[in-house]
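Structure record follows, encoded as structure tokens.
As the structure is a prediction and not an experimental result, all values here were calculated from the model. Here is how names work: the chains are called A, B, and so on, in the same order as the sequence lines, proteins then strands, and each is numbered from 1.
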Amino acid sequence: MNLQQTLKLHVKAAIKVLFQSELESVEFQATRKEFAGDITIVVFPMLRVVKGNPVVIGEQVGQYLLDNVDLVLGFNVVKGFLNIEISDSYYLDFFQSIKGETNYGFSEVNDEKAVMVEYSSPNTNKPLHLGHVRNVLLGYSVAEIIKASGKKVYKTQIINDRGIHICKSMLAWQRFGNGETPESTGLKGDKLVGNYYVKFDQVYKVEISELVAQGQSEDVAKKNAPILLEAQEMLRKWEAGDNEVVSLWKKMNQWVYDGFDVTYKNIGVDFDTYYYESDTYLLGKEFVAEGLKTKVFEEDTDGSVWCDLTEDGLDRKIVLRSDGTAVYMTQDIGTAIQRIKDYPDVGGMVYTVGNEQDYHFKVLFLILKKLGFDWAKNLFHLSYGMVDLPSGKMKSREGTVVDADDLIKEMADTAEEISKELGKLEDYSEAEKKELYKTIGLGALKYYILKVDPKKRILFDPKESIDFQGNTGPFIQYTYARIQSILRKADVKEYIALNVVEMQFHDKEKQLIKQLENFPEVIQSAADQHSPALIANYTYDLVKDFNSFYQNVSILGADSDLEKGFRVALSQTVGQTIKNAFKILGIEVPERM
RNA sequence: GGUCGCAUAGCUCAGUUGGAUAGAGCACCUGCCUUCUAAGCAGGCGGUCCUAGGUUCGAAUCCUAGUGCGAUCACCA
């Protein structure tokens with residue numbers, strides 16, 4: 001039982017004994033620096049149950065706690081705030097119970113239901129860019145956080161491998177590619193295919209202007225451009241199973257997947273299972289037919305199928321075209337159902353998709369509920385704001401994107417520059433240095449993106465590079481490296497085994513232990529709220545407290561062996577907690593930097 | 001136009017179920033490397049929490065209306 005739970009029981013008992021009333025809940029907050037005490041109980045909410053002056057009630061409750069609870073050493077009341085002093089032995093006991101624990105903060109699996117987290121979900125016609133990077137980092141981290149909170153997690157994605165956009169790249173490659181391959185050009189497969197997507201668009205634009213010059217209106221020209229008509233013909237052939245088209249499709253998609261794999265590996269994320277739109281849209285159609293029978297859907301005179309959601313305050317939504325082909329919604333219905341079939345232990349899903357699709361997911365979840373799936377109530381759209389450039393939106397076709405691979409490289413280059421200026425790593429080998437620069441560069445990028453609330457839009461200015469000082473990834477990594485440096489100079493194992501029975505804490509030490517105590521709770525609320533930002537901010541607070549401790553208190557030069565041992569063990573535990581917190585953000589920590 | 005989201009220091013952001021004098025970082029200014037890594041520490045400067053009402057002992061936080069920005073309302077995905 002933690003401190004708050006213990007105090008809560010005693011405060012309730014106090015109210016019962018003193019005022020013969022039942023208190024439902026007790027409100028706690030950290031005591032502000034300017035007041036004496038370790039934890040504060042807010043008296044005001046008690047006034048609903050107990051009538052009287054909050055200061056007087058605070059005094060009485062405080063006195064009761066002092067008389068009846070061993071770990072309470074004193075109290076004071078300021079206005080309606082009851083500040084309580086907790087004995088050092090409580091914090092010491094707590095510290096002894098967690099020191100040396102490598103999994104501190106992580107819960108064992110305690111729920112039979114698993115959660116499936118979908119993220120990334122790219123189109124297969126162009127490379128990943130900064131927008132995908134936010135998606136991937138968020139999704140991966142939320143998956144790891146949910147795992148740390150005690151649930152089984154499957155990481156997955158849905159790959160949009162069919163549709164007109166792929167045919168565009170295929171057609172352009174067929175026409176202008178001269179048989180180029182990733183091997184022959186040395187290009188990553190996704191980059192190669194992306195180039196042909198751009199090529200298509202260039203030709204398409206030329207053809208449009210030619211048609212306009214011949215007197216067609218722009219709208220008509222857009223529909224009549226020969227290369228577009230040819231792409232549409234290719235899509236029809238694909239859907240009809242044409243051998244040549246299908247094998248080209250397979251070949252080019254594989255190039256893209258191979259390219260993506262390199263990028264994912266570079267970013268440091270992975271997946272447990274993959275879903276392809278081309279595999280699930282048929283199942284979606286089956287369930288549309290099913291929904292027609294159960295009157296969840298209705299058929300229009302032209303044969304298109306709709307779901308009427310006007311009673312739920314939404315619009316009518318199409319789920320099948322009049323020609324019987326699937327739309328986006330159809331395949332998402334199919335994919336969700338397929339996933340539950342494949343993984344029957346899944347009780348809920350998280351979709352990491354940009355906020356431009358808020359409405360789509362509202363509708364999808366509602367339709368799945370109407371189709372009668374009980375897991376539909378546990379679906380969550382992890383919606384996040386777009387990453388925009390100062391010049392506006394990123395557009396692949398116009399080449400105004402920040403490429404994911406380039407970005408990672410630039411971050412590592414910046415890390416290298418800074419590191420060389422500081423010049424602390426002369427004895428490192430080139431390979432070790434390279435590895436370290438990547439760790440730091442990626443750390444800066446990931447932290448920069450994850451520390452902000454997912455809902456907020458990010459304006460990314462490539463010219464103003466990401467900071468490496470202050471509230472940043474490298475600052476936290478640096479603190480970790482500093483701790484490791486101390487641990488290398490001390491006999492850590494011996495110190496951790498040391499049983500400290502009594503200790504007069506330095507303020508900074510106590511503050512650190514209090515901060516460590518919060519970690520498991522922070523993980524729980526980050527999981528509940530699907531928010532890596534909570535973990536990032538917690539880690540920053542912890543690290544700031546440690547640096548203050550480090551600069552104000554001598555660790556290896558402590559007055560007694562006992563103190564030294566305690567401080568080394570405390571540093572080790574803080575380091576472990578930083579490592580664990582960064583692990584669920586997907587950020588690595590270096591031994592030196 | 002309907003719906004959804006966002007608005008806090010010059011800039012980038014925190015701010016738990018409403019609680020004490022709204023907090024960090026960057027930038028700018030002062031100090032601190034002869035002791036454990038200065039990517040650090042200690043301090044200073046900086047606020048109409050978008051506006052106006054309302055609820056409350058108490059509002060950045062909740063409610064209503066408005067303003068600004070973004071998204072969405074396709075037989076696109």
Side-chain angles (χ1 to χ4, degrees), chain A residues 25 27-32 34-35 40 42-45 47 54 78-81 83 121 123 160 162-165 277 300 302-306 313-315 317-329 331-332 354-360 362 383 385-386 388 393 415 418-419 421-422 424-425 440 444 448 451-453 455-459 461 464 466-479 481-490 521-522 525 529 533-534 536-537 540-541 543-544 547-558 564 567-568 571 592-593:
Chain A
S25 64
E27 191 176 318
F28 295 96
Q29 54 181 266
T31 303
R32 295 179 72 108
E34 55 269 39
F35 304 107
T40 295
V42 188
V43 181
F44 295 109
L47 298 179
V78 182
K79 291 192 225 171
F81 299 90
N83 303 318
S121 305
N123 288 340
N160 295 313
R162 73 188 193 103
I164 189 79
H165 52 277
E277 187 188 321
D300 260 15
D302 64 358
S304 56
V305 179
W306 298 75
L314 304 172
D315 299 320
K317 190 77 189 175
I318 189 159
V319 291
L320 207 63
R321 294 195 189 98
S322 53
D323 63 2
T325 56
V327 293
Y328 184 34
M329 191 59 75
Q331 67 96 5
D332 267 4
N355 64 7
E356 77 241 351
Q357 294 191 33
D358 285 355
Y359 185 72
H360 172 78
K362 220 178 190 178
S383 165
M386 295 289 100
D388 289 329
K393 273 190 122 171
I418 295 174
S419 204
E421 267 172 44
L422 296 171
K424 295 181 192 172
L425 299 159
I440 298 170
Y448 175 83
K451 78 172 178 185
V452 313
D453 185 333
K455 283 202 293 279
K456 292 196 174 174
R457 200 166 80 102
I458 291 181
L459 195 68
D461 190 342
E464 286 181 31
I466 293 171
D467 278 332
F468 283 65
Q469 281 165 15
N471 187 0
T472 67
F475 166 64
I476 292 165
Q477 290 173 321
Y478 173 70
T479 304
R482 237 184 186 177
I483 291 171
Q484 301 318 303
S485 169
I486 288 176
L487 299 183
R488 280 191 293 271
K489 291 176 184 155
E521 251 173 76
V522 172
S525 49
Q529 296 175 46
L534 294 182
N537 288 317
Y540 178 61
D541 288 339
V543 161
K544 261 202 316 186
N547 279 325
S548 184
F549 162 71
Y550 177 92
Q551 300 270 2
N552 287 287
V553 179
S554 183
I555 297 166
L556 296 176
K564 180 176 165 185
R567 286 175 187 169
V568 170
S571 302
R592 289 176 52 185
M593 69 184 274

Closest listed nucleotide, where the reference is the side chain of A/Arg321 and the choices are B/rA42, B/rA77, B/rA39
B/rA77
For a quick check under 3.5 Å, do A/Asn355 and A/Arg457 share a side-chain donor-acceptor pair by atom type?
no
Nearest-Å distance, CD (A/Gln29) to C1' (B/rG23)?
14 Å
Whole angstrom is fine here: how far is it from OH in A/Tyr540 over to P in B/rG15?
14 Å
Starting from C1' on B/rA27, measure out to CG on A/Asp461 and report it in whole angstrom.
16 Å
If you measure from the C1' atom in B/rC33 to the same atom in B/rA42, how many Å do you get, rounded?
14 Å
P gap between B/rG1 and B/rA27, integer Å
43 Å
For RNA chain B, whose closest nucleotide is more 5', that of A/Ala533 or that of A/Pro474?
A/Ala533
Does A/Lys79 place a side-chain N or O at less than 4.0 Å from the phosphate oxygens OP1/OP2 of B/rG19?
no
Partner of B/rU37 by Watson-Crick or G-U wobble geometry, both contacts under 3.5 Å, or none?
none
List the steps and the verdict of side-chain hydrogen bond (donor to acceptor under 3.5 Å, both in side chains) for A/Thr472 and A/Asp467.
CA-CA 7 Å; A/Thr472 67; A/Asp467 278 332; over 6 Å; no
Using purine N1 to pyrimidine N3 plus N6-O4 or O6-N4 for Watson-Crick, or N1-O2 and O6-N3 for G-U wobble, both under 3.5 Å, which nucleotide pairs with B/rU67?
B/rA7
OP1 or OP2 of B/rA42 under 4.0 Å from side-chain N/O of A/Ser548:
yes
Mind checking the P distance from B/rG25 to B/rU21? Whole angstroms is fine.
22 Å
OP1 or OP2 of B/rC6 sitting under 4.0 Å from any side-chain N/O of A/Arg457?
no
Hey, is the main chain of A/Lys544 close enough, under 3.5 Å, to the side chain of A/Ser548 for a donor-acceptor pair?
no
5'-most contact on RNA chain B (nearest-nucleotide basis), A/Lys362 vs A/Leu556, goes to A/Lys362
Roughly how many Å is it from CZ in A/Phe475 to P in B/rA24, rounded to a whole number?
13 Å
Can you tell me how far P in B/rU55 sits from the matching atom in B/rG2, rounded to whole Å?
28 Å
What is the nucleic acid contact for A/Gln477, judged by heavy atoms within less than 4.0 Å: base, sugar-phosphate only, or nothing?
nothing
Verify the contact: side-chain N or O of A/Lys456 to OP1 or OP2 of B/rU12, cut-off strictly under 4.0 Å; return yes or no.
no
Under a 3.5 Å cut-off for both contacts, is B/rG46 paired Watson-Crick or G-U wobble with anything, and if yes, with which nucleotide?
none
Under the 3.5 angstrom rule, does the side chain of A/Arg567 hit a backbone N or O of A/Ser554 as a donor-acceptor pair?
yes
Within the 4.0 Å heavy-atom criterion, would you say A/Asp453 contacts the bases, only the backbone, or no part of the nucleic acid?
sugar-phosphate
Is there, by distance only and without an angle test, a donor paired with an acceptor across the side chain of A/Asn83 and the base of B/rA20 below 3.5 Å?
yes
Mark this stacking check for A/Phe81 against B/rA20 as yes or no, applying ring centres under 5.5 Å and ring planes under 30°.
yes
Between B/rG68 and B/rG31 - C1' atom distance, rounded Å
43 Å
Identify the nucleotide, in any strand shown, that forms a Watson-Crick or G-U wobble pair with B/rC13, with both distances under 3.5 Å; if there is none, say none.
B/rG23
